[in-house]
Structure formats: structure tokens, C-alpha cells
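What follows is a single structure, written as C-alpha cells, with notes after it.
In listed order, ligands and their atoms are each counted from 1. Just so you know, these numbers come straight off a predicted model, no measurement behind them.
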Amino acid sequence: MISYQLKGHSLQNDVQTMVQVFYANEHYALVEDVATEGITVKSILENGTAEAVLFLDGTKQRAWSMEYLEPLTPKESRRLVKRTIYELLKAELRIRPQWGLLTGVRPAKIVSTLLADGASDAECFRYLTEDYLVMPNKAELTIKVAKAEQRILEGNSDGDLSLYIGIPFCPTRCIYCSFTAYPLKQYEKRVDEYLDAMCKELDFIGDYAKDFQMKNIYIGGGTPTSLNEVQLERLLKKIEELFDTSDMEYTVEAGRPDTITKEKLRLMKAYGVNRISINPQTMNEDTLKAIGRKHSVEDIKRVFHEARELGHENINMDLILGLPDETVEHVERTFAEIMKLQPDNVTVHTLAVKRASRLKEEFDQHQMTTAEILDKMLVVAEDYAKKLHMEPYYMYRQKNMVGNFENVGYCTVGKEGAYNIQIMEEKQTILAVGCGGSTKTYDAKTDKLERIFNVKGVEEYIARIDEMIDRKRIGLGGLK
Ligand code: SF4
């Protein structure tokens with residue numbers, strides 16, 4: 001347990017996220033008084049001094065402080081609070097987090113905003129490295145990604161929409177999974193009812209979207225190809241009925257190779273899907289078993305070749321660095337195999353140990369990757385992306401990532417996943433159907449997002465589908 005105490009301010013979230021960067025995967029508690037056992041970080045912001053103090057078992061160990069001039073803006077207050085904790089823990093633990101004071105999910109969005117306000121690359125670089133203490137290589141990556149994102153965002157018009165369709169079933173649950181994903185075996189009998197409900201929700205969206213321009217459709221999950229061939233065709237046919245997909249980005253996150261058949265690949269192609277994901281996560285057999293995937297490296301290769309033969313010209317592959325018991329050599333091997341396949345996109349994730357995952361419970365049983373090793377793995381990924389003639393085009397970060405790094409999407413020229421960018425930059429309304437779906441309506445005048453949530457459970461979603469549609473009817477009313 002890591003305790004933290006606030007004095008002179010109430011920036012609890014900023015304090016906890018900064019502490020979390022240094023003490024990852026712990027329990028954290030806001031305390032009134034310094035804890036008599038374990039570590040307490042005290043954050044003070046008052047009377048012109050910002051200070052962070054570290055206590056062990058109630059005894060002061062060290063402190064770091066700086067002076068400031070009143071009055072402080074909210075942004076500056078947050079920066080100072082984070083800066084003092086950062087300096088304190090950097091000195092104590094001798095760790096230099098590569099992202100400095102940035103703890104948010106969307107670092108590129110910060111740069112996009114600066115660029116849109118007329119800042120130069122050099123000013124963005126200075127802002128990241130000097131004000132937020134981001135390492136130069138990460139600052140360069142962020143600027144590169146922000147510029148790639150801007151090229152896509154320039155094409156946005158008022159009235160553009162994206163649509164997310166969630167299929168929450170998976171053949172087995174991966175050890176690190178924290179998504180809305182339910183084991184197919186348990187829910188097999190309800191999949192058709194789920195699709196009945198979803199088609200009803202899609203009918204509403206189809207009607208609503210007539211006044212707008214649907215730009216991207218993304219079928220994700222779970223694993224959409226958990227649907228059998230009849231069910232998958234039913235869904236694709238419904239989409240064809242409701243939307244003109246001829247000029248849009250249309251993605252199916254096929255995901256796990258053990259769910260992909262030739263017929264499903266053929267159906268996707270026939271119904272106009274023009275971007276698919278085949279996600280190995282790793283090309284090491286032992287790791288696949290250890291993380292709960294029921295497919296082999298050979299299955300990945302076979303499915304990839306079948307997809308190419310059937311004309312799929314934009315294939316993404318998701319990989320995860322820092323999987324339990326993997327070394328830099330494992331990552332080298334994975335990329336050497338990926339290199340032979342030559343996909344169009346590679347999305348490189350670093351493992352995040354989420355609270356809702358099995359990995360969180362089994363954490364102590366595995367050899368987890370250190371930040372130092374993960375850094376080397378990221379260099380391998382970057383080198384291979386270059387060999388594959390790919391550039392980074394989108395990026396996000398998560399809490400509890402091993403080593404506190406980032407996830408980066410790389411692609412060859414012109415193969416950017418526009419939907420991924422819209423999700424990250426939050427400049428477009430994204431409608432979401434299916435259980436766990438979160439619709440985000442974007443108002444360009446105020447630059448604000450509003451959310452409309454669907455329920456998470458499959459049964460609840462089926463039973464309450466009319467209510468989900470009503471929620472959307474009310475929430476979307478203001479957009480027309
Ligand atoms: S395939 Fe994805 S959604 Fe399904 S269990 Fe694995 S991580 Fe979760």
C-alpha cells in the first residue's frame with residue numbers, strides 16, 4: 001500500500017497518477033495523517049512553496065521543493081504538484097520516467113492542440129522536454145504522431161460520424177484482458193438474441209445517421225469473428241442495408257486466429273470490409289499458451305496468408321511487449337516472423353496490468369519485464385517498423401503499463417487507421433452499439449464531448465435494448 005497526503009490543495013488525481021508512475025501496481029490510499037507503516041508521499045502547495053516529502057514507517061526520508069509566484073492557474077498548480085513528486089521519487093528510486101510529468105492517455109493530443117494554436121515543432125519540443133520533462137526521443141515521437149494525426153483530422157467536416165459495433169464474445173479469456181469480453185461457450189445460446197438487440201440498435205443509428213456522413217465503421221470486441229459464419233453474415237448484411245460503405249474505412253478486428261475461417265474472410269471482403277486485424281500479440285508458442293490463447297504461431301501465419309489470397313489489402317497486427325516471461329530475444333523473434341508476413345499496420349502495445357485481469361491476481365507467479373528491458377524491446381519494435389517502411393501514426397498510454405511506456409500504431413504510407421485517430425483525438429462523434437458501448441458526441445463549437453453509455457452485461461443489454469435506444473435518442477437529440 002502506498003499512502004499519500006495533500007496539504008494546501010485537493011489535486012488527488014494528479015498526486016496519485018504521479019506516484020503510480022514510480023510505484024506501479026500497488027494499492028493507493030489518500031490519508032489524513034502520515035501512515036505509521038509503509039510509504040507516504042506528502043504533497044504540499046501553499047504560501048509560495050510547492051513541496052513533496054517522502055516518509056517511511058512515519059519517518060521523514062527526503063523532501064524536494066520549489067518556490068512559485070501567486071496566483072497560479074489550475075494547470076500550473078497541477079504541473080508544480082507533479083513536478084515536486086517527480087523530482088522527489090526520481091532521486092529516491094533513481095528512476096527517470098521517460099514521459100516525465102505526462103500521465104494522461106493522449107500525449108499527442110497535447111501537441112495537436114499546440115500545433116493548431118500555431119506553435120512550431122521546436123516550441124512543442126521545448127514544451128514537452130522542459131515544462132513536462134519528457135525525454136527527447138518520446139517528445140520527437142509525440143510530435144511525429146501529432147502531425148500524422150493532423151493530416152487525417154484535416155479531412156474532418158461537421159456532421160461526420162464514426163460507428164463502433166461491439167461483439168463482446170471471445171473463445172477464451174486472455175490473462176491480461178480487462179475488456180467487456182465474455183466466454184463464447186457460456187453465452188453461445190444467447191448470441192442470436194444479442195444480434196437481434198444489436199440490429200434494433202443499428203436500425204435506430206441507420207435512421208439517425210441519414211442526416212450525417214458516416215466515415216468509419218469499426219467492428220471490435222471481444223472478438224467479432226467469434227460469431228459463426230451465419231451470424232457474421234447477418235451482421236454484415238445489416239450494415240450493408242443501413243449504410244453506404246463504399247467510400248468509408250470499414251474495419252473488422254478479426255483478432256484471434258482461432259476464430260477466423262476462410263469463409264469469414266471471404267464474407268468480410270464481399271461485404272466491403274477494407275481493413276482487418278489479425279492479432280498474434282506474440283509469435284512465441286510458449287507465451288501464447290501462457291497467456292491463454294488457443295492458437296498456434298502456424299495458425300497466425302495460415303490465416304494471414306489466406307486473408308492476403310482473398311484480397312485483404314490492409315491488415316493490422318497487434319503485438320504486446322512485456323508479456324510474462326518474455327525477453328528481448330522473444331520480441332526479436334516475434335518481429336522477425338512479422339517481417340516475413342509484411343502486414344500494413346503493426347500496433348505495438350506495452351503490457352498493462354489491469355485490475356480486472358487474471359494477470360493482476362497471478363502477478364507474483366510471473367517474471368515481469370523491467371522498465372529497462374521494456375525500453376530495449378521498444379527499440380526493437382521501432383527498428384523493425386522502419387524495416388517494414390512504417391511510420392508511427394497514433395499513440396496512447398494507459399495506467400499501470402509496465403515501465404510506464406506507450407502503445408504506438410505504425411503503418412505504411414496511406415494505411416493509417418483513421419478510426420484509431422478519431423478515438424484518440426476526440427474531434428468527431430463516435431456512436432457505439434452493443435453492450436459496454438460508450439457513445440461520444442462531439443460539439444465542435446464548444447470542443448466538448450458528452451457520453452452516452454450502454455449497459456455492460458449481455459443479458460442486461462438484451463433485456464434493456466429499448467432503454468439503450470431511448471438513451472441515444474435523448475442524448476443525440478441536441479446534435480441534429
Ligand atoms: S481477445 Fe481481446 S477481448 Fe478477447 S479475451 Fe483476449 S484480450 Fe480480451
**Message:** Between ligand 1 and Thr172, can you find any atom pair, the residue atom being a heavy atom, that is separated by under 4.0 Å?
**Reply:** yes
**Asked** At distances under 2.8 Å, what protein N, O or S atoms surround atom 8 (Fe) of ligand 1?
**Response** Cys177 SG
**Carboxylate-amine/guanidinium contact Arg234 Asp196, below 4.0 Å** = yes
**Message:** Can you classify the ring geometry of Tyr419 versus Tyr164 as parallel (below 30°), tilted (30 to 60°) or perpendicular (above 60°)?
**Reply:** parallel
**Asked** Taking the side chain from Asp447 and the backbone from Ala444, do they hold a donor-acceptor pair closer than 3.5 Å?
**Response** no
**Message:** Does the plane of the ring in Tyr86 sit parallel, tilted or perpendicular to the ring in Phe22? Use 30° and 60° as the thresholds.
**Reply:** perpendicular
**Message:** Using the rule given for side-chain hydrogen bond (donor to acceptor under 3.5 Å, both in side chains), can you reason through Thr347 versus Asn316, listing the C-alpha separation, both sets of side-chain angles and the distance that settles it, and then say yes or no?
**Reply:** CA-CA 7 Å; Thr347 310; Asn316 170 64; 2.9 Å; yes
**Asked** Can you tell which of Lys185, His295, Arg256 makes a side chain to side chain donor-acceptor pair (under 3.5 Å) with Thr172?
**Response** Arg256
Would you give me the side-chain donor-acceptor pairs under 3.5 Å for residues 137-144, sequence neighbours excluded?
unit_1, atom_1, unit_2, atom_2, d
Lys138, NZ, Glu406, OE1, 3.4
Lys138, NZ, Glu406, OE2, 2.7
Thr142, OG1, Lys138, O, 2.6

**Complete:** shortest atom 1 (S) of ligand 1-to-protein heavy-atom contact is with Arg256 CD, 3.2 Å
